[in-house]
Amino acid sequence: MINNIKQLLKNTINKKYSEIIGSQQVNFTVERSNNDKHGDLSSNIALKLASILKKSPTVIAENIVKEIQNKNEIIENIEIVKPGFINFFIKNSYYQNIVEEVLSKNRKYKKTNLGKGKKIQVEFVSANPTGPLTIGHGRQAVLGDTISRILEWNGYEVTREYYFNDAGRQMRLLGESLYVRYMELLGEKLKIPVDGYEGEYIKDIAKSFVKKYGEKYKNKSTDKIFIDFATENIFVSIKNTLKRLNIVHDVFFNEKTLYENGKIDEVIKKMEQKGATYKSEGAIWFKTTEFGAEKDRVLVKKSGEPTYRLPDIAYHTEKLMQDYDQIIDIFGADHHATYPDVISALKVMDYDTSKIKVLLHQFVTLVRKNKKIKMSTRKGDFVTLDELIDIAGSDVVRYFFIMRNMDSHLNFDIDLAQKETDENPVYYLQYAHARIANVIKHSKLKGIESFEDGNIGLLKEKEEIDILKVISEFEGIMELCRITLEPMHLANYLHKLATCFHKFYQKHRVVTEDKELSKSRLKLIKSIKIIFSNCLSILGIEAPENM
RNA sequence: GCCCCGGUAGCUCAAUUGGAUAGAGCAACGGUCUUCUAAACCGUAGGUCACAGAUUCGAAUUCUGUCCGGGGUACCA
């Protein structure tokens with residue numbers, strides 16, 4: 001509809017003003033009005049042309065309108081307003097026809113195939129197996145999965161990837177922490193190492209360790225079994241948590257692979273050849289200052305161990321070697337200083353980094369009794385994602401995490417979540433869906449077997465047309481989501497759709513003595529139901545038939 | 001110090017990326033179920049869009065500076 005009008009305007013000015021405009025691009029827009037008085041669509045074309053043509057916008061608008069009047073069958077009326085906006089009023093029949101389109105396309109309504117044959121890798125969560133997933137990870141998990149679903153809706157083939165490291169200092173500490181808890185169960189008091197893991201979950205793991213091995217590993221603190229046992233247990237729980245949220249990764253990539261397949265050495269050698277590194281104080285440094293960084297960074301410590309940066313770089317060369325058309329990395333705000341180094345290194349080695357898109361999301365702050373709490377996995381001070389799902393349920397958790405812009409901090413009030421699950425906004429959407437399902441069921445009881453022959457021309461009430469207008473926005477919203485990769489827009493949209501449905505429901509009855517009208521309204525609500533169900537499925541949220 | 005986010009109603013956040021009278025949900029107050037689900041709807045109240053400049057027909061949105069909050073700035077990941 002918008003493109004339709006836009007093309008019409010473009011043609012008109014090309015015809016009328018081509019001599020003056022010449023090859024200049026006129027950047028005008030056609031947008032949905034946010035006020036009924038301004039019609040359905042409005043264009044600023046006359047305002048944009050005013051400075052080029054050196055005429056008053058109103059005069060230009062009048063000339064344009066004269067030209068296009070009656071040239072488009074969906075336009076009911078055109079008005080010119082104050083500074084020079086051209087407002088279009090669209091015919092009801094245009095909106096009514098949407099019902100038929102939704103009903104016939106159903107699950108495929110406005111679904112696109114833009115990504116057909118294209119592969120995208122989305123990397124997210126990527127938490128090392130040192131403890132259960134926290135609320136903080138939850139945001140990234142839901143964000144990553146929902147973005148994946150948006151891409152899939154557009155026909156892309158998405159691979160969800162999880163990158164992890166089960167070696168190194170953190171893991172050693174994890175193993176030692178488990179050992180301490182293990183010995184504790186065997187009656188010996190030891191101290192958790194400095195920077196070790198103090199969370200309760202280690203005690204649980206220690207219990208199953210005892211169950212399995214008894215006293216076999218008493219006093220064998222250095223045995224690798226402690227690390228392996230801990231990571232294995234933790235990974236199982238991480239995967240379970242994600243599964244509860246309907247999130248399943250396709251690939252778990254172990255950092256270890258990069259050492260085994262020689263990628264790490266390869267990267268170091270290549271960067272050396274390119275003259276991007278140097279040795280100093282026994283370490284190997286990357287000249288990041290040449291890429292605008294403040295300081296040079298260490299790639300290999302004097303101990304010979306790489307810093308986290310090196311495997312990150314190697315991992316990305318690995319990603320780029322595969323045939324993905326796009327690579328999306330989802331990181332927390334704490335990564336903002338490190339990923340530019342990775343990109344710089346890839347550029348040094350002549351990789352095309354334009355395929356890589358990095359999305360940073362801000363942190364989740366846990367609020368409890370009106371106090372902000374800093375979460376730390378190490379100190380065991382956190383609320384796990386599992387606990388949150390227990391309290392609120394998967395649907396609410398998913399909705400909650402994509403409800404807001406990823407750029408804004410998220411304050412999570414745990415008391416509120418516990419107390420007010422009934423008033424959660426997600427129920428508002430699901431309730432609308434369930435209500436519709438119920439009305440359709442009711443209509444069958446009232447003897448309306450089918451409503452395929454309902455006459456959409458009978459949908460004339462303001463509340464009915466309003467709903468159809470919102471449905472007509474769906475395509476644009478999905479486009480916005482695709483471009484910005486920001487699922488929040490879809491959440492806002494659904495809320496808006498639910499609002500107009502509830503308003504309609506309150507004011508008008510669907511099933512009445514008037515069979516014809518009932519059938520047409522059943523068609524209407526069926527089409528709303530389809531939109532709900534499609535959108536909720538993109539958000540990974542259930543669309544219940546009753547509540 | 002430097003880098004990245006944010007600052008909008010009492011609270012949590014929107015504003016389709018520069019459009020017209022800045023909107024929702026909680027919280028407050030008042031109203032609506034003999035009817036297809038009241039987990040809903042209607043109404044009232046609530047705003048110096050942090051502050052100051054700049055850009056233009058037009059700014060919450062872009063630019064500059066200042067203030068406040070969060071994150072980063074490791075030979076931790």
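Just so we're on the same page: letters track the sequence lines, and every chain starts at 1.
- One P atom belongs to B/C41, the other to B/C57, and the distance between them is 43 Å to the nearest Å.
- Not counting sequence neighbours, A/Ser520 has no partner by the side-chain hydrogen bond (donor to acceptor under 3.5 Å, both in side chains) test.
- For the side-chain hydrogen bond (donor to acceptor under 3.5 Å, both in side chains) test, residues two or more places apart in sequence or in another chain that qualify with A/Glu161 are A/Gln121, A/Tyr315.
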>> Each nucleotide in nucleotides 6-14 of chain B should get exactly one letter: B, S or -. Can you fill that in based on protein heavy atoms under 4.0 Å?
In response: S-----SSS
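- Of the C1' atoms belonging to B/C63 and B/A24, the separation is 31 Å, rounded to the nearest Å.
- Comparing A/Arg32 and A/Ile86, the nucleotide of RNA chain B nearest to each residue sits closer to the 5' end for A/Arg32.
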Under 3.5 Å between N/O atoms: give me all the protein pairs with nucleotides 56-58 of chain B, atom names plus distance.
none

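- Candidate nucleotides B/C76, B/A20, B/U17 were compared by shortest atom distance to the side chain of A/His38, and B/A20 ranks first.
- Between B/A60 and B/A20, the two C1' atoms lie 15 Å apart (nearest whole Å).
- No close placement of the A/His335 and A/Tyr339 rings is indicated, their centers lying 6.0 Å or farther apart.
- The structure places CD1 of A/Ile467 at 12.0 Å from NZ of A/Lys469, a figure rounded to the nearest 0.5 Å.
- Of all nucleotides listed (B/A77, B/U17, B/C36), B/U17 comes nearest to the side chain of A/Leu480.
- A search for side-chain hydrogen bond (donor to acceptor under 3.5 Å, both in side chains) contacts involving A/Lys507 returns A/Glu463, not counting sequence neighbours.
- Residues meeting the ring-ring contact (aromatic ring centres under 6.0 Å, His included) test with A/His409, sequence neighbours left out: none.
- Rounded to the nearest Å, the gap between the P atom of B/U66 and that of B/A9 is 25 Å.
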>> Test ring pair (Phe, Tyr, Trp, His ring centres under 6.0 Å) on A/Tyr431 and A/Tyr505; report intermediate values, then the result.
In response: CA-CA 12 Å; A/Tyr431 185 54; A/Tyr505 182 91; 8.2 Å; no
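- A/Phe88 is linked by a ring-ring contact (aromatic ring centres under 6.0 Å, His included) to nothing, counting only residues two or more places apart in sequence or in another chain.
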> Reading nucleotides 40-45 of chain B 5' to 3', which nucleotides get B (base under 4.0 Å from a protein heavy atom), which S (sugar-phosphate only), which -?
Replying inline: BSS---
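- Distance from the side chain of A/Glu294 is smallest to B/U73 among B/U73, B/C76, B/C36.
- Proximity note for A/Asn87 (side chain, C-beta onward) versus B/G19, B/C36, B/A20: the nearest is B/A20.
- Under the rule for a side-chain hydrogen bond (donor to acceptor under 3.5 Å, both in side chains), the partners of A/Lys523 that lie at least two apart in sequence or sit in another chain are A/Glu100.
- In this structure, A/His442 reaches the sugar-phosphate backbone alone: every heavy-atom distance under 4.0 Å involves primed, P, OP1 or OP2 atoms, never a base.
- No side-chain donor from either of A/Asp407 and A/His361 sits under 3.5 Å from a side-chain acceptor of the other.
- The shortest distance between the side-chain N/O atoms of A/Asn34 and the OP1/OP2 oxygens of B/A20 is below 4.0 Å.
- Judged by atom type and distance alone, A/Thr130 does not reach the base of B/A77 through any side-chain donor-acceptor pair under 3.5 Å.
- Between the side chains of A/Asp296 and A/Tyr278, at least one donor-acceptor pair of N or O atoms lies under 3.5 Å.
- Relative ring orientation between A/Phe474 and A/Tyr109 is described as parallel, the plane-to-plane angle staying below 30° on a 0-90° scale split at 30° and 60°.
- Comparing atom distances between the A/Met547 side chain and each of B/A20, B/A77, B/A39 picks out B/A39 as nearest.
- When the side-chain nitrogen and oxygen atoms of A/Lys295 are compared with OP1 and OP2 of B/C75, none of them lie within a distance under 4.0 Å.
- No side-chain N or O of A/Arg309 forms a donor-acceptor pair with one of A/Thr338 less than 3.5 Å apart.
- Screening residues 475-499 of chain A for ring-ring contact (aromatic ring centres under 6.0 Å, His included), with sequence neighbours left out, gives A/Tyr428-A/His495.
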> Dot-bracket for RNA chain B, 5' to 3', counting Watson-Crick or G-U wobble pairs under 3.5 Å, with [ ] for crossing pairs and | for inter-strand pairs?
Replying inline: (((((((..((((.....[...)))).(((((.......))))).....(((((..]....))))))))))))....
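- B/U17: glycosidic angle within 90° of 0, hence syn.
- Atom P of B/G53 sits at a distance of 35 Å from the matching atom of B/U44, rounded to the whole Å.
- Taking the side chain to side chain contact (heavy atoms under 4.5 Å, CB included) definition, one finds that A/Val59 meets it with A/Ser56, A/Asn63, sequence neighbours left out.
- Nearest to the side chain of A/Ala333, among B/A20, B/G71, B/C76, sits B/G71.
- Of the candidates B/C36, B/A77, B/C4, the closest approach to any side-chain atom of A/Thr338 belongs to B/A77.
- For A/Arg169, counting side-chain heavy atoms from C-beta on, the closest listed nucleotide (B/U17, B/U21, B/C76) is B/C76.
- Nucleic acid contact for A/Ala434: base, since at least one base atom lies under 4.0 Å from a heavy atom of the residue.
- The side chain of A/Glu281 lies closest to B/C75 when the candidates are B/U21, B/C75, B/U17.
- Nucleotide B/C26 carries an anti base; the chi torsion (O4'-C1'-N9-C4 or O4'-C1'-N1-C2) is more than 90° from 0.
- As judged by a 4.0 angstrom heavy-atom cut-off over every strand, A/Arg297 is placed among residues touching the sugar-phosphate backbone only.
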